[in-house]
Amino acid sequence: MIEDPERCYQAALSKDARFDGWFFCGVTSTGIYCRPSCPARTPKPENIRFYASAAAAQQAGFRACLRCRPDATPGSPEWNLRADAVARAMRLIRDGIVDREGVEGLARRLGYSVRQLNRLITTEVGTGPLALARAQRSQTARILLETTDLSISHVAFAAGFASVRQCNETVQQIFADTPSGLRKRVNQTVAGRRATAERTTQSIKLRLPVRLPFSPDSVLHFLGLRAMPGIEELSGSTYRRSLRLPHGHGVVSLTPLDEPNRGTGYVEGQLHLSDLRDLTTAVSRCRQLLDLDADPVAVVDAFRHDPILGPLVAEHPGRRVPGAADGFELAVRAVIGQQVSVTGARTVAGRLVMAAGEMLPEANGGITHLFPTPTALIELAERDPAAFSMPTSRRKALVALAEAVASGHVVIDPGADPVELRTSLVALPGIGPWTAEYVAMRALRDPDAFMPTDLGIRRAAHTLGLPDDPEFLTALTETWRPWRSYAMAHLWSMPSAQAPMSPSLLTGKTTKKATKKTTKRSRAA
């Protein structure tokens with residue numbers, strides 16, 4: 001349980017949606033658990049218990065509130081802030097590793113014994129990895145029951161349960177209803193069900209909750225500028241892309257909804273999956289891609305009084321840091337983008353996709369391919385080196401990266417340790433600190449990544465009257481920890497960050513006037 005129940009009770013009294021996902025409220029008089037913002041009357045202090053996860057509340061015998069749907073809250077941002085074993089385990093569980101490889105696979109991935117890992121997670125979260133995965137399976141089952149016409153047995157196995165009986169018992173315990181009862185609550189038309197059944201891939205429509213304030217244009221614009229032909233596209237306010245998933249493939253469409261609900265907004269997701277067992281993983285990667293589990297209020301509070309970032313954050317308090325749907329894909333694109341324009345990098349990456357990517361069985365609009373696997377890139381380099389359309393040194397860097405990932409020497413997934421990943425990437429030929437930092441920021445969701453040599457950051461610094469010296473910028477940003485990734489997102493948004501560099505910035509020189517401004521700002525900071 002939470003160690004500071006008094007503070008949690010005050011948050012529950014205020015119905016503050018900003019705390020949804022941070023903790024859950026179990027009501028002993030009714031036997032249900034809710035999100036802090038549940039519109040029901042707040043119970044007396046002696047009748048309420050607080051838990052760090054929905055799984056811990058379920059383990060304590062509480063069932064989910066059907067009014068506020070606590071299982072559908074944004075994820076806790078705490079696990080993105082931390083890089084310890086428990087945080088990495090939580091990110092891997094969210095990605096579905098327990099369903100695929102069991103607790104043994106999770107422990108092996110983190111370098112712990114099963115007993116040690118159970119003890120660590122239970123101490124922090126109030127329950128073990130099996131219960132956490134069980135809670136996640138129950139949410140997946142509810143989504144499938146409400147959005148598809150699959151039989152109960154198909155739903156059970158697609159959600160990751162070992163048997164139909166296990167699915168029925170879990171749904172009954174958590175939602176106080178049977179799977180068929182949950183399905184009857186949703187008014188699906190016959191035509192809608194038939195259209196879903198006739199597809200070669202199952203189509204699932206769901207809403208992804210996000211904490212407000214949320215500025216979807218900030219992340220969609222970033223992704224749209226870098227959209228690779230055949231892999232992703234941005235049409236209006238809808239971002240679409242293909243996903244390579246553990247059991248198959250998928251195409252997702254993400255559209256922000258202008259429908260705030262007591263402090264929580266939503267992104268509408270349309271998922272076309274070749275194997276429904278990948279639903280949990282696909283949802284997790286969509287949330288990571290748009291940074292939906294971030295805590296924008298904490299970022300605003302951290303920068304509110306900063307003389308440099310304060311005005312930028314006040315103008316766009318909901319700006320997010322774009323994530324990545326696949327770590328290897330992002331690393332390849334980062335290497336390609338070294339000293340190349342965004343447009344040039346997108347073109348080169350698109351050629352690699354056409355040469356080595358896997359074609360989808362059915363094109364979904366402009367989405368026709370999956371990004372190449374490490375093995376496919378290695379084979380392409382042996383078969384047709386000219387297909388890389390880049391200097392030899394960069395091609396060798398890509399091949400070295402692909403070989404390291406294929407062999408397991410470099411692991412780029414939600415469970416990777418940021419420090420270890422940076423070290424292993426920099427050890428590869430042709431990969432420097434900028435690339436390693438960029439990958440840690442987007443693939444691992446490291447909120448404190450910072451790239452003082454980045455071109456956009458140098459342009460923004462020049463506009464602000466700051467020297468572009470990396471040592472100076474690094475020292476200046478010490479007061480921005482642990483949110484330097486978000487600081488970079490705000491600096492990148494400045495118009496000057498996209499403008500051509502002035503001669504003084506290209507030569508590394510600054511004017512006396514700029515130096516005076518620098519001194520004043522650094523003192524103020």
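Because the structure is a prediction, the values reported are computed rather than measured.
In terms of heavy atoms, A159 sits closest to A141 at CB-N, 3.8 Å. Here the closest non-hydrogen pair linking L212 and G265 is CG-N, 3.6 Å. Scanning all heavy atoms of the two residues, the minimum distance from A356 to A376 falls at O-CB, 3.7 Å. Of all heavy-atom pairs between A449 and S485, the closest is N-OG, 3.0 Å. Residue P39 comes nearest to K15 through the heavy atom pair C-NZ, 4.3 Å, listed as atom of the first residue, atom of the second, then distance. The nearest pair of heavy atoms linking V340 to I336 is CG2-O, 3.6 Å.
Of the inter-residue distances, the one linking L292 atom CG with L254 atom CG reads 8.0 Å to the nearest 0.5 angstrom. Annotation: the span from L370 atom CG to M359 atom CE amounts to 10.5 Å, rounded to 0.5 Å. For the atom pair R277 CZ and L144 CG, the distance stands at 13.0 Å (nearest 0.5 Å). Between atom NE2 of residue H490 and atom OG of residue S218 there is a gap of 8.0 Å, rounded to the nearest 0.5 Å. Atom CG of D84 sits about 9.5 Å away from atom CG of D417, to the nearest 0.5 Å. In this structure, CZ on R100 lies 10.5 Å from CG on L106, to the nearest 0.5 angstrom.
Residues satisfying the salt bridge (Lys or Arg N to Asp or Glu O under 4.0 Å) test with E268, not counting sequence neighbours, are K205. The salt bridge (Lys or Arg N to Asp or Glu O under 4.0 Å) test applied to E358 returns R244, not counting sequence neighbours. Listed by chain and number, the residues in a salt bridge (Lys or Arg N to Asp or Glu O under 4.0 Å) with R134 amount to none (sequence neighbours excluded). Residues satisfying the salt bridge (Lys or Arg N to Asp or Glu O under 4.0 Å) test with D469, not counting sequence neighbours, are none. Applying the ring-ring contact (aromatic ring centres under 6.0 Å, His included) rule to Y486 yields the partners W483; only residues at least two apart in sequence or on another chain are considered. For F371, there are no ring-ring contact (aromatic ring centres under 6.0 Å, His included) partners, not counting sequence neighbours. A search for side-chain contact (heavy atoms from CB on, under 4.5 Å) contacts involving R346 returns P229, T343, not counting sequence neighbours. Residues satisfying the side-chain contact (heavy atoms from CB on, under 4.5 Å) criterion with T453, sequence neighbours excluded, are W434, P470.
A heavy-atom distance below 4.5 Å is not found between the side chains of L234 and L223. Counting heavy atoms from C-beta outward, L330 and Y438 have side chains that approach closer than 4.5 Å. Side-chain contact between M441 and V321 is present, with at least one heavy-atom pair separated by less than 4.5 Å. Between P452 and I457, the closest side-chain pair of non-hydrogen atoms is not below 4.5 Å. No side-chain heavy atom of L380 sits under 4.5 Å from any side-chain heavy atom of P372. The side-chain heavy atoms of H249 and P361, taken from C-beta on, include a pair separated by under 4.5 Å. Residues L352 and L398 have side chains in contact (heavy-atom distance under 4.5 Å, counting atoms from C-beta outward). Contact of the L464 side chain with the M494 side chain is registered, since non-hydrogen atoms from C-beta on lie closer than 4.5 Å.
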### Message
For a side chain to side chain contact (heavy atoms under 4.5 Å, CB included) check, start with the C-alpha distance between V251 and R240, then their side-chain angles and the critical distance, and finish with the verdict.
### Response
CA-CA 7 Å; V251 175; R240 302 172 65 246; 4.2 Å; yes
_Run the side chain to side chain contact (heavy atoms under 4.5 Å, CB included) test on V399 and L377 for me, step by step, so that the C-alpha distance in whole Å, both residues' side-chain angles and the decisive distance to 0.1 Å come before the verdict._
CA-CA 7 Å; V399 173; L377 278 185; over 6 Å; no
Starting from the C-alpha separation in whole Å, work towards a yes-or-no answer on side chain to side chain contact (heavy atoms under 4.5 Å, CB included) for H409 and S424. CA-CA 8 Å; H409 287 98; S424 60; over 6 Å; no
task = Check step by step if side chain to side chain contact (heavy atoms under 4.5 Å, CB included) holds for V439 and I431.
result = CA-CA 11 Å; V439 172; I431 296 182; over 6 Å; no
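A donor-acceptor contact shorter than 3.5 Å links the side chain of R35 to the backbone of C68. In this structure, the side chain of D278 does not engage the main chain of L273 through any donor-acceptor pair within 3.5 Å. Using modelled atom types, no side-chain atom of Q288 and backbone atom of A325 make a donor-acceptor pair closer than 3.5 Å. The main-chain N or O of T238 is never found under 3.5 Å from a side-chain atom of T255 such that the two would form a donor-acceptor pair. A donor-acceptor pair is defined here as one N or O able to donate and one able to accept, closer than 3.5 Å; such a pair exists between the side chain of S53 and the backbone of A56. Judged by distance alone, the side chain of D413 and the main-chain N or O of A416 form a donor-acceptor pair under 3.5 Å.
Contacts classified as salt bridge (Lys or Arg N to Asp or Glu O under 4.0 Å) and involving residues 328-337 (residues at least two apart or in different chains) are given here: E232-R333, R241-E329, E329-R333. Sorted by first then second residue, the side-chain hydrogen bond (donor to acceptor under 3.5 Å, both in side chains) pairs that include residues 307-322, not counting sequence neighbours, number zero. Sorted by first and then second residue, the salt bridge (Lys or Arg N to Asp or Glu O under 4.0 Å) pairs involving residues 438-455 (not counting sequence neighbours) are D291-R445, R422-D446, D448-R481, D448-R484.
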What donor-acceptor contacts under 3.5 angstrom involve side-chain atoms of residues 86-98, with partners at least two apart or in another chain?
residue, atom, partner, partner atom, Å
R88, NE, G415, O, 2.8
R88, NH2, G415, O, 3.4
R91, NE, P414, O, 2.8
R91, NH1, W79, O, 2.4
R91, NH1, R82, O, 3.0
R94, NH1, D293, OD2, 3.3
R94, NH2, N80, OD1, 3.4
D95, OD1, R285, NE, 3.3
D95, OD2, R285, NH2, 3.4

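Summarising the local packing, CD of E471 is surrounded by 12 or fewer heavy atoms from other residues, nucleotides or ligands at distances under 6.0 Å.
T140 and T280 form a side-chain donor-acceptor contact under 3.5 Å, judged by distance and modelled atom types alone.
Both tests hold for R226 against F222: distance to the six-membered ring centre under 6.0 Å, angle to the ring axis within 45°.
Considering I204, L279, L271 in turn, I204 is the only one that fulfils the side chain to side chain contact (heavy atoms under 4.5 Å, CB included) rule with T147.
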